[in-house]
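Below, read A as the first sequence line, B as the second, and so on, with proteins coming before strands; counting in each chain starts at 1.
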Amino acid sequence: MKVLVPVKRVIDYNVKAKVKSDGSGVDLANVKMSMNPFDEIAVEEAIRLKEAGKAEEVVVVSIGVKQAQETLRTALAMGADRAILVVAADDVHNDIEPLAVAKILKAVIDEEEPKLVIAGKQAIDNDMNATGQMLAALLGWGQATFASELDLDGDSAKVTREVDGGLQTIEVKLPAIVTADLRLNEPRYASLPNIMKAKKKPLDEKTADDYGVDVSPRLEVVKVSEPPERSAGIKVESVDELVSKLKEKGVV
Amino acid sequence: MAVLLLGEVNAGELSVDATAKAVAAVQSLGDVTVLCAGAAAADAGAEAAKIDGVAKVLVAEGDSLGHRLAEPTADLIVSLAGDYSHICAPATTDAKNVMPRVAALLDAMVISDVSGVVDADTFERPIYAGNAIQTVKSSDEKKVFTVRTSSFDAAGDGGSANVETIDAPAASDLSSWVEDKMAESDRPELTSAGIVVSGGRGVGSEDDFELIEKLADKLGAAVGASRAAVDSGFAPNDWQVGQTGKVVAPELYVAVGISGAIQHLAGMKDSKIIVAINKDEEAPIFQVADYGLVADLFTAVPELIEKL
């Protein structure tokens, strides 16, 4: 069975995003970029399926700027078998919307015919939490989002999902889309020998045009602004002082 | 213009707070029809009809809708979409599961976590863990979006909308429900509580997390946790507050042993009053706290419980 994992190159998890002074977006020039953390979890899960003998091949796909090939190399170094880069933007500030990403992924999936797609639940840049669900809709597949546990069993997958109020377990018929939540696994670090080996693994380069997908945005970004600043208040010296402050404010 | 709003229905009950906040958010866009779907949804529909500003309620009851599986719920919404210019829901995990699927089926780009409605086409939403606010103008014929409930005050009650029953869709063979493991709790619900007490990595263990719960119970508060606390197994996943967990904006937020990573701040920095208790005076949480107490939580929290 083949598993396909879409990965996105985003601002590094530890970098605080700064809004550009012209209000056109967040400044990504000379900012450290990494694989979206949820996608790392998705890649790890796919590799574990392969290691457990439940998957034969792990294919990673990224859609965006050419530099996303670094992100794909990271996934290959973790243990993915091959990669497909779909160049759809020439400026890192041009974020391809989940709907367009899903359309391109659908076209890739029509060719690759994986039985399972594992995606991150959300990209930490646009925080949309949408690509997996949209892709499932376009393919007419079942979806199991926000997964914290995944068990493959023949032609179906049993997935435990993190939902408001607790956990829900559902079964989805394969082929299906699973989106990874934080607790699904802890992704490995790529070892140096594997990073060297990854350089020789196949990486195909395509464009959005190759798949006939129009990536022009449906959502025009009118402006991007700083959120209202919250300033630090005061330090209290004791629990007594804290209690009296809260009583003054009438919140306790 | 007309709005279809998916009400938040769990086990037959309407989550009034989340639904009423979403209703308040979209009232300016046109007549609001609330859809209540579930194996049982009539009671939820009756509750929804009482929310101020609701013009009509649709109730769909059927086994296929029993566990809010994305596929049948999305099919139902798409079948109703023709009558509406805007289709939305409070941004709960159920809605985040369903609404992007609806959007793709309608060839529209979903707008997640709307924190402000500017006009019929234009919406504000947080991006980058709330470090930026994006204003987007949609060119889609139908706007499909989820509403960040913490950004809006709930619509009041006193409404008396008509309730209409509609057919449930056929079951989908794409997915099926196996089981729920929902935490039973007498505490207020995290996203609608007036006070939230959250614990972080500094709490140290699952056993010691009881201290956080005791403080919460003393205050009649909901309990939250940082991602670090959840990842370490101190607290269950549904307590997580932050970029990828729940977003809360209570009157009072008490952060105990939480350093204040940007991903956590994303989920609570709109709280009215923030209290931080942490022994590390350099912890970033103090930069957003109204009242900071630099102290060992194991002495400060018991003292606080005693003195409140």
Exercise for review: Please report the closest heavy-atom contact between T93(B) and F146(A), naming both atoms and the distance.
Suggested key: O-CE1, 3.4 Å
Point to revise | Heavy-atom proximity to chain A below 4.5 Å, by part of A183(B) | key: both
Check your understanding: Can you name the one residue among K121(A), Q168(A), Q143(A) that meets side-chain hydrogen bond (donor to acceptor under 3.5 Å, both in side chains) with N97(B)?
Key -> Q143(A)
Check your understanding: Side chain, backbone, both or neither: which part of I195(B) has an atom under 4.5 Å from a heavy atom of chain A?
Key -> side chain
Review point. Where does L219(A) contact chain B at under 4.5 Å (heavy atoms): side chain, backbone, both or neither?
Key: both
Revision key, fill the gap. Whatever's closer than 4.5 Å to a heavy atom in chain A on V275(B) counts as side chain
Check your understanding: Is R218(A) salt-bridged to D107(B), cutoff N-O under 4.0 Å?
Key -> yes
Point to revise | Contact class of I273(B) relative to chain A, heavy atoms under 4.5 angstrom | key: both
Check your understanding: Any Lys/Arg nitrogen of D164(A) or K96(B) sitting under 4.0 Å from an Asp/Glu carboxylate oxygen of the other?
Key -> no
Point to revise | Minimum side-chain heavy-atom gap P227(A)-K269(B) below 4.5 Å | key: yes
Practice item. Locate the shortest heavy-atom distance separating D127(A) from G130(B); write the atom from each residue and the value. Key: OD2-N, 4.5 Å
Check your understanding: So which part of L219(B) gets closer than 4.5 Å to some heavy atom of chain A, the side chain, the backbone, both or neither?
Key -> side chain
**Study point:** Per-residue contacts, residues 220-235 of chain B versus chain A, heavy atoms under 4.5 Å
**Key:** R227(B), V230(B), D231(B)
Check your understanding: Would a 4.5 Å heavy-atom cut-off, applied to side chains only, mark V239(A) and L293(B) as touching?
Key -> yes
